[in-house]
Every structure is written in structure tokens, then in C-alpha cells.
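Structure first, then comments.
Atoms within a ligand are numbered from 1 in the order they appear, just like the ligands themselves.
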Amino acid sequence: MSKVAEIQEMVAKGKTKLIAGLVQEALDGGSQPKEILDAMIESMGVVGDKFSAGEIFVPEMLIAAKAMSKGVDVLKPLLAGDASTSLGTCVIGTVAGDLHDIGKNLVSMMLESAGFTMIDLGVDVPANKFVEVAKENNAVIVAASGLLTTTMPALKETSLALKDAGFTVIVGGAPVTQAYATEIKADGYAPDAGSAVTKAKELVK
Ligand code: B1M
């Protein structure tokens, strides 16, 4: 089994103590950081499918997420670029009622490496908190993540509140689509962390 395949399996099994070492071994063996990251993201898909099928439960999902985060920590310096220009402040968070943060953290990391000064509000962030912090910090853009179909209304509330307050908003997360982003008046939508950077840069030009 290749090292990357082994990482994928160990993330799904939630082997948190092994992941950092395995990721380092894969890098030392010549695997690319992006290849390892994509494998871990795929692994979370498998975990989600097993959860949907009733084969695993919330604690297993949580431990797999922890394992992935350990792997991302090793990749972080390699995935993050070295931005030489400042593009302004971006406030980011996962919307109210939603505790998923791996995707949001990846988006935050990529935006930071592109030159944004990031203020990360974490998870379960109410709409008024996004607005308050964006105002306090003169944010050029606000990024809101939502992973649950049940928190899509919170994403809408957040986007509308930020638009009312005059901010530029970008949204994303697995259940979000361009059509939904348009419906909730967000300025931009991105399906993944890489395209979030392209879209955010385009919006603050
Ligand atoms: Co949850 N969960 N979860 N979960 N969880 C999902 C999302 C689910 C699809 C699993 C499933 O059933 N197949 C499902 C949602 C179903 C739905 O809404 N239709 C689900 C559920 C149901 C739940 C609970 C309700 C379970 C329960 O309690 N019964 C519960 C809700 C808790 C809450 O939030 N209130 C719950 C809890 C959890 C854990 C806490 C255990 C854990 C999260 C831990 C953590 O994040 N620290 C967890 C996990 C790990 C998952 C899965 C397995 C993995 C999520 C993940 O990290 N993916 C997930 C299944 C899946 O995703 N296939 C699932 C990897 C990550 C890199 O991808 O976050 O999609 P993602 O980010 C992507 C893009 O979406 C995009 O970029 C990233 C990639 O580059 N993106 C943006 C994200 N944000 C963006 C913002 C942008 C732009 C792009 O601009 C601002």
C-alpha cells in the first residue's frame, strides 16, 4: 500500500497519533502536499458516507476530523504561499449552529497565504458577530462557511446582514451552490479552498 493510501485509511480510522508521522514520511518519499491533502479530503467523504449508512457514529466522525487536522498541520507551511502584498482584512467563520471547521480552516489558510489578514471567528458564529467584527476591523471581505443543509438559513441570515451593513461576502461549504449564493445575495461562491482565493481576489480588486 502506498504511503498516501495508508494516510487515507488511517484518517478514516481516526488514528490521530499516527497521521503527522505518516504525512511526513509521505512528503519525504516525494508525495506532493496537494496530493496528500486531496487524499485526506476524500477520506472524509468516505467517513461521511459510512455515517450516512449508519456504519459509524458522531464520535468516529469527530476522531477522523481530528486525525485530518493533525495531517493538515504538517502540510500547512507547504501549502501556504508567501504573500508579499497585503490585500486587506478578511473575517471568516462557520455560521450559527454549525460546528464543522476543517473546510473553513483550509479556506482561511489559503486566503492568508494569498495575502489577506485573517480574523477567524471559529464555528457557530451568529450573523451579528460577523457584522460586528467586520465593522471593527474594516474588513474588505467576509467569508462564511456552512456544511449542513440545516444551517443554510443561518448562512442566508449572515449574508443578508453583512450585505445590509455594506460588506462584500463570499460563501461556501458542501451544500452551498452558486444558485443559493445568488439567492442569499452573496457576492461570491467557491466550491473549494483554491477557488475561494481566486474569487476573493477578484472581488476585492
Ligand atoms: Co458532520 N455532517 N455532522 N461532523 N460531517 C457532514 C457534513 C455530513 C454530510 C455527513 C453525512 O451525513 N454524510 C452531514 C450533513 C448532511 C446534511 O446536512 N445534508 C453531517 C451531519 C448530519 C452532522 C451532524 C448533524 C451529525 C449528528 O449529530 N447527528 C452533526 C452536526 C453538528 C453541528 O455542526 N451542529 C455533525 C458533526 C460532525 C463532527 C463534529 C463530528 C465532525 C466535524 C468536526 C470538525 O469539523 N472539526 C463532522 C464531520 C467530520 C463530517 C464529515 C464526515 C467531514 C466534513 C469535513 O471536514 N470534510 C462530513 C461528510 C463530508 O463532508 N463528506 C459531515 C472535509 C473538508 C475539507 O471539506 O468542509 O466540505 P468541506 O470543505 C470544502 C468545501 O466545502 C469548501 O472548501 C473545502 C475544500 O477545499 N468550503 C468552502 C468549505 N467552506 C467554504 C467556504 C468558502 C468557500 C469554500 O467560502 C467562504
Side-chain angles (χ1 to χ4, degrees), residues 8 11-14 16 33-34 36-73 75-76 79 90-114 116 118-126 130 134 139-155 158-159 162 167-178 180-181 184 186-204:
Q8 204 162 21
V11 165
K13 287 185 174 164
T16 49
K34 177 78 170 55
I36 301 172
L37 179 66
D38 287 346
M40 291 196 292
I41 292 177
E42 209 178 301
S43 204
M44 296 310 283
V46 172
V47 168
D49 291 345
K50 284 191 174 164
F51 175 77
S52 296
E55 290 169 27
I56 61 167
F57 301 96
V58 171
E60 285 98 330
M61 257 199 319
L62 187 58
I63 199 93
K66 282 199 176 139
M68 173 155 178
S69 297
K70 298 268 181 209
V72 172
D73 285 347
L75 296 177
K76 206 171 171 180
L79 291 167
C90 173
V91 171
I92 192 167
T94 301
V95 297
D98 202 324
L99 303 176
H100 297 84
D101 69 356
I102 296 182
K104 183 264 297 166
N105 292 345
L106 287 175
V107 172
S108 182
M109 181 179 91
M110 303 291 257
L111 288 175
E112 184 172 18
S113 69
F116 288 94
M118 299 306 295
I119 298 179
D120 190 339
L121 301 178
V123 296
D124 191 16
V125 183
F130 275 101
V140 293
I141 189 162
V142 183
S145 178
L147 257 286
L148 296 167
T149 45
T150 49
T151 54
M152 286 174 82
L155 192 62
T158 302
S159 178
L162 285 163
F167 291 103
T168 299
V169 182
I170 179 169
V171 293
V176 185
T177 58
Q178 178 60 61
Y180 189 68
I184 65 174
D187 301 276
Y189 156 75
D192 56 53
S195 40
V197 170
T198 312
K199 184 53 81 179
K201 281 168 120 178
E202 199 181 295
L203 289 170
V204 301

Hey, is atom 88 (C) of ligand 1 under 4.0 Å from any protein heavy atom? yes
Contact between Gly194 and ligand 1, counting heavy atoms under 4.0 Å? no
Modelled atom types, side-chain donor and acceptor of Asp192 and Ser195, under 3.5 Å: yes
For ligand 1, which atoms have a heavy atom of Gly48 less than 4.0 angstrom away? 11 (C), 13 (N), 53 (C), 60 (C)
Contact atoms of ligand 1, heavy-atom distance to Ile170 under 4.0 Å: 91 (C)
Which ligand 1 atoms does Ser52 reach within 4.0 Å, using its non-hydrogen atoms? 11 (C), 12 (O), 13 (N)
In the complex you have, is atom 24 (C) of ligand 1 within reach of the protein, judged by whether a heavy-atom distance drops under 4.0 Å? no
Hey, is Asp124 touching ligand 1 through its side chain, its backbone, both or neither, going by heavy atoms under 4.0 Å? neither
List every atom of ligand 1 that sits less than 4.0 Å from any heavy atom of Ala144, numbering the atoms from 1 in the order shown and giving each element. 91 (C)
Of all the atoms in ligand 1, which lie at a distance below 4.0 Å from a heavy atom belonging to Gly173? 75 (O), 81 (N), 82 (C), 83 (C), 84 (N), 85 (C)
Determine whether the side chain, the backbone, both or neither of Val107 has a heavy atom under 4.0 Å from any heavy atom of ligand 1. side chain
In terms of atom number and element, which parts of ligand 1 are under 4.0 angstrom from non-hydrogen atoms of Asp192? 76 (C), 77 (O), 80 (O)
Judged by non-hydrogen atoms, does Ala64 sit under 4.0 Å from ligand 1? no
Taking only non-hydrogen atoms of Pro175, do any sit less than 4.0 angstrom from ligand 1? no
Give the atoms of ligand 1, by number and element, whose distance to some non-hydrogen atom of Leu147 is under 4.0 Å. 7 (C), 69 (O), 70 (O)
